[in-house]
There are 2 protein chains.
Amino acid sequence: MKDGDGPGDGDRDGDGCGVLPGSIRPGGRTARVRASVLRAAGDALAEHGFAGLDLADVASRAQVGRTTVYRRWGSAGALVADLLVDMAEQSLARSRTGSLLGDLKENARLVQRTLVDPRQGPLFRAILAAAATDDSTARALRRFYEIRVAEWAGCVDDAVERGEIPAGTDAREVVRAVSAPLYYRLLTTAEPPDETAADRAAEGAFVAAHAGVYLRVRPGAPQSGAAGDLEPPGEHGVGR
Amino acid sequence: MKDGDGPGDGDRDGDGCGVLPGSIRPGGRTARVRASVLRAAGDALAEHGFAGLDLADVASRAQVGRTTVYRRWGSAGALVADLLVDMAEQSLARSRTGSLLGDLKENARLVQRTLVDPRQGPLFRAILAAAATDDSTARALRRFYEIRVAEWAGCVDDAVERGEIPAGTDAREVVRAVSAPLYYRLLTTAEPPDETAADRAAEGAFVAAHAGVYLRVRPGAPQSGAAGDLEPPGEHGVGR
DNA sequence: GTGTTAACGGAACTTCCATCCCCTTAGTGG
DNA sequence: CCACTAAGGGGATGGAAGTTCCGTTAACAC
């Protein structure tokens, strides 16, 4: 596990002089404690959610003293933020299937599998909830998704290179368009996203990207209500 | 304001005999208290989020005794659930611009304006967070979005009627596809969704619906990795 | 190996929130 | 308008979560 960056890059308590615990002797027990606490925090989050996160419970799961958790992380929000830093480092490499639709489907399936996973799904729900309340968690969450989105944006750039979709396409917007429906379903419906939802998300993003919806310079921008000169796919009115 | 259904349809405490306070004398002060508490709860949620929701604070904002809030709602989760019931009843009617893209853009703009609103945006964030933890809130949230989505699904059905998009299109999936990117941006990035994001969301859903992505019977279902015989928009490889 | 001290761990203390009791206020029926 | 009682309000009580103190353990330097 990584070492040296501890519970965050900034000072937790605001004064610029105090050295955070874990930064001077990061090896051995300190690293072991950090790994153990982060795993326990993930487990507790997945089980009870952010509101039910009890730092004393985390400490006992991790077989660590409560004081240690309070001293090194200070609050539930900071603990989740550190967990996100850890998760961001385990980011998986993007796929290279040779076609944009193939890559987007791989991405959609990966996200879908994560969200329906009995541990990861509740964990992500809990983390999103934490970010809504705690500011340091929100920052860590944004950074986490920045990294993930940037990684997969390469697929879109490659597709532009191949001529599959128009130049000037905002790659990150395309990647976000794949994830968005899956997260929306997780948060607002009773059924977590299935394979069909994943395929639809990928196909929808692909078709829209192809039609120029995610161009950085938007053709229809000046007109407010009109469709602009967005090219409609195929011929209009076709009943398929 | 509605009266008579109080903090939920079921018994809060599980035993089927006790009558919930507010159900026998719902008029006058009781209704006034409910309205005042729900407004205060919304304000408090928007300001401090769900984790920071203090029922005593809600009570003092509403100029009501703490005991009253605890007796009638019992927990923060139940209070938010009741707030959602109230919000669902104030649902706005869908638009009828005559074109699907026009209707979807209206919907996207409505969602976008809600999410960037200084009160509504934080409120929705807080409610989503609450639903991740509390079960009764989650049920109320799902019901809320069911109602909203069903209302706007009419636009899609009308478009099928007009021949704009293929018959067999899952109308609710199209409506969800409009909202999803806006919520995703709200939750995972620092910039709340702007007008461009709203237009992109509407156009993306429109183009995908047109291409048959949201057909209930999916043409490419048997093949797992392939694109199926999904009709690509326009000609492939066009650089726009 | 040995010493220094960073980091950990247990326990008492404090604070804050949910609950309970009982009195007061005001809807509702006559 | 009056009586009855449902519903609201203030203060005391109990418990759980966070904080602090100080003794113990082990990382790192020499």
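Each chain gets a letter, A, B and so on, in the order its sequence line appears, and its residues count up from 1.
Of the residues in residues 127-136 of chain B, not one comes within less than 4.0 Å of DNA chain D through any heavy atom.
Within the 4.0 Å cut-off from OP1 or OP2 of C/dC8, at least one side-chain nitrogen or oxygen of A/Arg72 is found. Contact annotation: B/Thr67 side-chain N/O to D/dG9 OP1/OP2 distance is not under 4.0 Å. At C/dC8, none of the side-chain N or O atoms of A/Arg32 fall inside 4.0 Å of OP1 or OP2 (strictly under the cut-off).
Rounded to whole angstrom, the span from the CG atom of A/Leu55 across to the C1' atom of C/dG9 amounts to 16 Å. Across the protein-nucleic acid pair, B/Trp73 atom CH2 and C/dA18 atom P stand 15 Å apart, rounded to whole Å. Taking atom CZ of B/Arg34 as the reference point, atom P of D/dG8 lies 12 Å away to the nearest angstrom. One can place CZ of A/Arg71 at 16 Å from P of D/dG18, the figure rounded to the nearest angstrom. For the pair B/Asp57 CG and C/dA18 P, the interatomic distance rounds to 11 Å; values are reported in whole Å.
Between the side chain of B/Arg66 and the base of D/dG9 there is no donor-acceptor pair of N/O atoms closer than 3.5 Å.
The closest side-chain heavy-atom distance from A/Gln120 to A/Arg113 is not below 4.5 Å. At least one side-chain heavy atom of B/Arg125 sits less than 4.5 Å from a side-chain heavy atom of B/Leu186. A/Glu173 has its side chain within reach of B/Arg185: a pair of non-hydrogen atoms, C-beta onward, lies under 4.5 Å apart. For the pair B/Val213 and B/Val174, the minimum side-chain heavy-atom distance is 4.5 Å or more.
Residues B/Ser36 and B/Ala62 come closest through the heavy atom pair OG-O, 3.0 Å.
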Filtered N/O pairs between nucleotides 15-17 of chain C and protein, under 3.5 Å:
none

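In summary, A/Arg34 and A/Asp86 engage in a salt bridge, as defined by a charged side-chain N under 4.0 Å from a carboxylate O.
Atoms OG1 and CG, on A/Thr137 and A/Leu79 in that order, are 9.0 Å from each other to the nearest 0.5 Å. Note that NE2 of A/His48 is 10.0 Å distant from CG of A/Asp43, once rounded to the nearest 0.5 Å.
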Please assess A/Tyr183 against A/Leu128 for the test side chain to side chain contact (heavy atoms under 4.5 Å, CB included), listing each intermediate value before the final yes or no.
-> CA-CA 10 Å; A/Tyr183 277 86; A/Leu128 286 167; 4.0 Å; yes
